[in-house]
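Computed from a predicted model, the values in this text were never measured in an experiment.
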Amino acid sequence: MVGRVLSGLSGDYNLVLTGCFAYVADVSDQSRRTFRVAVLEACLGLAGMVASVLGGQWRRAQGYMAPFWLVFAASLRLLYSLAFFVVVTVHFGAREILVLYELGPPLCWGSELIGYGSAALYLTYLSSLVGLRLLQRCLPDAWVAELGLLSNALGLGTMALAGTTALMFTGYGLLFLSMMVTPVIRSKLSRLVGETEQGALFAAVACVEGLCSLVATGAFSSLFPACLSFMRGFPFLFGALLLVVPAAIIGGKNPSLPTSPEAPSPPLSLFASSKHLRAPPLPGFFSQEPPECHLGRPLPIFFLLPQRGSTAQAVLNL
């Protein structure tokens, strides 16, 4: 029942079909659109036929769990979307229970300290902006996001173990780069679509953020009272552990630091690229100094003929 509810809230099979048909409509003109849509419909039938034949054999050999795991793995093809979903869910979830955590023991904060804590949390937006700008000078976006995830994990882990006001504010301080992650993921998502699809992309991202808020509220608000008996800060620790998923996704798709770029060597061509370019001298091959090669004009072929009496001419005579 829970699986069906979550599947329905996330769009299920109908959302996938809607996206596929919308993409076909975007990339086809009106004269061919009907046929393209028909091809997509035929693909649905072909996929259903193959799945029916192979699925029965697979279920009989390995049971019902293996096909479901395959479907689940195939659903994770949009890995950056999954990374964005996890990061935003952790952000929303931590904020959802933060005030309740600060009100209870051992912190027992009043309204003044809670206000300072909230201000420190929102200060991370500005500190992350400055950190993003500085780190982009020496690191690629993927490593900037990794540092942001590390800042998130350290801050949440410190808050989970905080027993004093000083340690709690230390956790806020460690979050100073935590908001660098979502701009990087949004940017990477925007590079995956064309210029005419940017609005639809960010509209979809906004819908995902709404879903994240719904999931985070239900998950973290239920987890917090269940952990009061053994560890009040366990939801923060749980959120820090969840950040391993986006860290693995971003790190897996961008595994290494960039090397210093080297100037590419110009390609060889029979045509000169500049009017000041001169053909390289080859001893014994030119009967005279080759003239200047103007842009777009080929080298005269007689300049490549070997000179009489040269070594190349002797080789040709053999």
Side-chain angles (χ1 to χ4, degrees), residues 83-136 139 142-186 209 212-213 215-251:
F84 181 82
F85 179 84
V86 174
V87 170
V88 175
T89 300
V90 171
H91 285 173
F92 281 140
R95 292 178 187 177
E96 192 71 27
I97 62 173
L98 194 55
V99 174
L100 294 176
Y101 181 72
E102 294 168 344
L103 285 172
L107 296 175
C108 299
W109 280 9
S111 58
E112 185 177 2
L113 286 176
I114 291 177
Y116 289 148
S118 179
L121 183 62
Y122 283 105
L123 185 61
T124 59
Y125 285 89
L126 298 179
S127 61
S128 296
L129 174 63
V130 175
L132 178 67
R133 184 59 178 171
L134 294 177
L135 289 173
Q136 278 188 320
L139 292 174
W143 284 95
V144 172
E146 294 285 1
L147 290 176
L149 290 170
L150 179 62
S151 175
N152 264 290
L154 291 176
L156 292 175
T158 304
M159 289 179 174
L161 303 174
T164 62
T165 297
L167 193 57
M168 189 65 183
F169 275 104
T170 301
Y172 278 119
L174 290 174
L175 291 173
F176 75 108
L177 295 178
S178 59
M179 300 308 298
M180 295 194 308
V181 186
T182 48
V184 172
I185 299 179
R186 291 178 199 268
E209 287 186 283
C212 291
S213 178
V215 173
T217 300
F220 281 78
S221 297
S222 302
L223 186 62
F224 181 69
C227 301
L228 292 177
S229 58
F230 63 94
M231 185 179 181
R232 289 176 54 86
F234 180 78
F236 298 109
L237 192 60
F238 176 70
L241 293 175
L242 283 180
L243 294 178
V244 174
V245 176
I249 292 173
I250 297 174

For this session: Give a yes or no on whether the backbone of V88 and the side-chain of E209 come within a donor-acceptor separation of less than 3.5 Å.
Result: no
Exercise. Do L126 and L123 touch side chain to side chain, with heavy atoms closer than 4.5 Å?
Worked result: yes
Exercise. Got F85 and V245 here, is their nearest side-chain heavy-atom distance under 4.5 Å?
Worked result: no
For this session: Report yes if some heavy atom in the side chain of P246 is under 4.5 Å from a heavy atom in the side chain of L149; otherwise report no.
Result: yes
Exercise. Can you say whether the rings of F224 and Y101 are parallel (under 30°), tilted (30 to 60°) or perpendicular (over 60°)?
Worked result: perpendicular
For this session: Compare every heavy atom of A160 with every heavy atom of G233, then report the nearest pair and how far apart it is.
Result: O-CB, 3.1 Å
For this session: State the CD-CZ distance between E96 and F220, to the nearest 0.5 angstrom.
Result: 10.0 Å
Problem set entry | Nearest heavy-atom neighbours spanning V86 and L242 | CG1-O, 3.5 Å
Exercise. With a 4.5 Å limit on heavy-atom distance, are the side chains of I97 and F236 in contact?
Worked result: yes
Problem set entry | Distance-minimising heavy-atom pair for F234 and C227 | CD2-SG, 3.4 Å
Problem set entry | side-chain contact (heavy atoms from CB on, under 4.5 Å) against L121, all qualifying residues, sequence neighbours excluded | R95, L98, Y172, L175
Exercise. Between S151 and L147, is there a donor-acceptor pair closer than 3.5 Å when you use the side chain of the first and the backbone of the second?
Worked result: no
Exercise. Within the distance-only criterion (no hydrogens, no angle test), does the side chain of T158 pair as donor or acceptor with the backbone N or O of L154 below 3.5 angstrom?
Worked result: yes
Exercise. Under 3.5 Å, is there a donor-acceptor pair between the side chain of T164 and the main chain of L107?
Worked result: no
Problem set entry | side-chain contact (heavy atoms from CB on, under 4.5 Å) assessment of V184 paired with I250 | CA-CA 10 Å; V184 172; I250 297 174; 5.8 Å; no
Exercise. Is there a side-chain contact between L237 and M231, using heavy atoms and a 4.5 Å cut-off?
Worked result: yes
Problem set entry | Donor-acceptor under 3.5 Å (R232 side chain, P105 main chain) | yes
For this session: Spell out, as yes or no, whether a donor-acceptor pair under 3.5 Å connects the side chain of S127 to the backbone of T124.
Result: yes
For this session: Check A226 against S229 and note the closest heavy-atom contact, atom names and distance.
Result: O-OG, 4.1 Å
Exercise. If we only count heavy atoms from C-beta on, is the L135 to M180 side-chain gap below 4.5 Å?
Worked result: yes
